Every structure is written in C-alpha cells, then in structure tokens.
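Everything numeric here is computed off the predicted structure, so don't read it as measured data. For ligands, and for the atoms within them, numbers begin at 1 and follow the listed sequence. Residue numbers count from 1 along this sequence.
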Amino acid sequence: MTKKFYQQSIPERLETLAQKTGLSAEEVAAYQAEGGLSLEMADHMIENVVGLYSLPLGIAQNFVINGREVLIPMVIEEPSVVASVSFMAKLARNGGGFEAGMSSQEMIGQLQVLDLEDPRKAAETVLTHKTELLQAASDFHPSLIKYGGGPRDLQVHVLEETPIGSFLVIHLCVDVRDAMGANLINSMLEFLAAPVEELVGGRVHLRILSNLADRRLAWARARFTCQDLAFGEYSGEQVRDGILEAWAFAEADPYRAATHNKGIMNGIDAVVLATANDWRAVEAGAHAYAARSGLYRSLSTWSKESNGDLLGFIELPMALGIVGGATQTHPSAKTNLKLMGVKSSAELGGIIASVGLAQNLAALRALATEGIQRGHMNLHARQIALSAGAKPEQLDALAAQLAAEKNINVARALEILGQWNGSIK
Ligand code: MEV
C-alpha cells in the first residue's frame, strides 16, 4: 500500500512532490539548502547580516481550488496548522472544493496636502484635473501600462478636525498587476507631488501607499455537508450549530474576533511567508479591514444553507506579488510559486484566502466540540518526548503513553525511557 504524504520520510516526500508537480531536481534542492537561501544572497537582501534563521516548511494537502488540485507550501513554527488545514480541505472537496478569486489588483497610494487656504476648493480643483493627473501618472510608468495595469482613479478626501486642523488627502488607485506594488505606487506618488503642488498650491507632505488595500480583496467560499462535519460523539448538526455560535461570538466581540482572526492568519501568513511576500502588509490590511465598520469583527462569515450544509466565506485585502521583490530571488519562494502553479497574483490571493478559511474552520470545529487542547496535548507530548532524548523509534510510543497518563512532563518521560532502556530495574 502506498504511504500517505504525512507517513513518508522527507526524501520520499520530495520525490512525491517532484513526481506530482514536475519540479526539477534543482528546484526541489532549493528546499534542502539552509533556509532555502545562501548567506551571500541574504547579505544582499538586508543590512548587518550575521546568519540565516530557518522555519519549517510543510506542504498542505487535499486543496481543490476553482476545480484545480493545489499543493500549498506553508512556513510556520506552530504545530497542527498544516495538518488541520489539510483535513478541512479534504472535507471541502466533498462540497466541490473552494471557489476563490480577487476583486482587482488595485492598490491605493495617499498624498497628504497641507498648508492649503481652502482644502475643499483644492479638492474640487484636483477633481477637475483628474484626467491630466492620471495621464501624468501613466506616462511616468509606461511599462506598467504595457502589462495592462496603470492608474485607474483619483479620489479626494478632506479630513476635518485632525490634531493639525483640516487638510486634503488624495488617493491614487493603481492597477499594479502581478507586483506587490509598494515601490511602484510610492515612486508614482513622489512623482505626482510636484504637479499637485503646482495645481493647488500648498505642500505635499506624505507620499505613501495604504496597506488598507480594500480595492484588492481576496475571497474564498466553501460548502461543508453536515455528514462530513460529524466526528466522534458529535453529530454533524451539533458541530455545524456549534460553529455558527462560535462565529457569532467573533462577529459581536472584538476580544474574541482578535483570536478568531489570529487563527485565520495562522493559515494566511504561512503561505505569504512561503512565497517571500510582505506578511506585515497583509496583516496590517487584514486587521484594518476587520475594523472597517467601526467595530473589529470576524474576517469570515459562516451560515447555514437551506439544505443544512455549512457555508463559509472569507474576504480580506491581499497585497501580494509574484514578480519583483524576494518572490523571484529567494530560491524556496520561487519553487513554492511553481509548486502551486500560480500564474497571477490574483490566483495566489484566492489560494491564500482558501487556506485562511480552512484554518478558521479547523479552529472553530475544535473549539465548538472537544476544545483545542486535546490535539495540542498530543503534539506537546511529542515535544516533551523529544527533549527527554527519545530515539526516533521510541517517539510515538512515548508520546502516546505520556498523553494517555495525562502526565506530560520531562521527568516522567525520562522515567519511562529509563525503564524501556533498562536503566531502572
Ligand atoms: C491558535 O493559534 C489559534 C486559535 O486560537 C484560533 C481561534 O481561537 O479561533 C485556536
């Protein structure tokens, strides 16, 4: 019988990946280099480099997204995330898998215009000259236009009663295509500052992108049958209704919503990191979007279909690139993009939103039933067994005994090992 992916050794897993995806020996080798990155390359990436810092890279299984099977690389230090999203993806398959996509690839850049006599009048002047300003921004970046992107809109906001009085803010919305877009937007904004000052007077102060990328929203939805949600002593209806009750808590209470969304970000950050994207940007966008109504809420929505199925939906800003930055220079990130077979940032955004939804379901399912400690305890027991010096062949048995005894500590692990190894008669 063929072994499941999780039962294979690391070399066997690499072999399976190469067979399933057509990754070359060189690409697979990127996974084995220290942290997937050479010291020399790292020294060119940031300042004062003294070494590399590694994290585990695991491959989530069972995802079908928009009808396509996708293997998903996840970089994360927290146990059970990769296993639980893989299991939820398996359940989602029976409901047709995940449907996912993105609203557009538009990023927003902001110009803060100060020292204006009449900010409202200046706002009107900007709008009157919108076409010329957008044209100037387009002319500044002809290669973006060649790829089908470019400036799409210019909006004005007058902020009243701030600590420095009222001022004008101009939003430049740019379709950045497959780039993350930060450099592109920031240089376009710096270029536009002079024409704007010429037009309205005043002084352009900040020229910077916004991480609240609410014109670049990734979404995913999936359906789960009641039958698939049942496990152990819990019926499908019990699990489904427990999940709906847990979600209602996050919708109504920011203290719970913060933890609920943290679980979602367990899945999302792990893939953002695996593709060498800027996870701080994605985090900032996610939390600002969660608070858009004035109350910090859940990023996901769970509901019951008329036939009793559970329906999940998630939507959040997703500023990601598959070109530029480290995405194409970090060897493991390059291999990871190839592993997923993504052809655009939009496709990557949909995949990542699906992982976030799967992770959210895994957490809610556990919390609404047996609690999360049971799963965590088994992993904790393995870690204790490891630190007590269990040999690889003793690891599973020792962890199982510690968990069964509900006495998970190094002293007990040493005692059991001593008995097994014959040092305690
Ligand atoms: C732990 O990393 C994440 C959870 O706390 C998420 C949640 O509570 O929904 C389990």
For ligand 1, which atoms have a heavy atom of [X] less than 4.0 angstrom away?
X	result
Thr259	5 (O), 6 (C), 7 (C), 8 (O), 9 (O)
His260	9 (O)
Glu78	1 (C), 2 (O)
Lys262	1 (C), 2 (O)

Tell me the closest heavy-atom pair linking Gly349 and Met102, and the distance in Å.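 Closest approach of Gly349 to Met102: CA-SD, 3.7 Å.
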Step-by-step salt bridge (Lys or Arg N to Asp or Glu O under 4.0 Å) determination, Glu160 to Arg120: CA-CA 10 Å; Glu160 315 271 11; Arg120 293 198 163 273; 2.6 Å; yes
Looking only at heavy atoms, is any part of Leu367 under 4.0 Å from ligand 1, and if so is it the side chain, the backbone, or both, or is it neither?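 Looking at Leu367 and ligand 1, just side chain atoms fall under 4.0 Å.
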Below 4.0 Å, non-hydrogen atoms only: which portion of Arg256 touches ligand 1? Side chain, backbone, both or neither.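 Within the 4.0 Å criterion, Arg256 contacts ligand 1 through side-chain atoms alone.
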Before giving the answer on salt bridge (Lys or Arg N to Asp or Glu O under 4.0 Å), spell out for Arg68 and Glu99 the whole-Å C-alpha distance, their side-chain angles and the decisive distance to 0.1 Å. CA-CA 10 Å; Arg68 189 168 75 83; Glu99 226 188 301; over 6 Å; no
Taking the side chain as C-beta and beyond, is there a heavy-atom pair between Leu348 and Thr275 under 4.5 Å?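 Yes, their side chains come closer than 4.5 Å.
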Would you say Asn266 and ligand 1 have an N/O pair spaced under 3.5 Å apart?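 For ligand 1, there is an N or O atom that lies under 3.5 Å from one belonging to Asn266.
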With salt bridge (Lys or Arg N to Asp or Glu O under 4.0 Å) as the test, would you mind laying out the steps for Asp153 and Lys130 before giving the verdict? CA-CA 8 Å; Asp153 200 7; Lys130 184 169 164 170; 2.8 Å; yes
Is the NZ or CZ atom of Arg365 positioned over Phe224's six-membered ring, under 6.0 angstrom from the centre and within 45° of the axis?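 No, Arg365 and Phe224 do not form such a contact.
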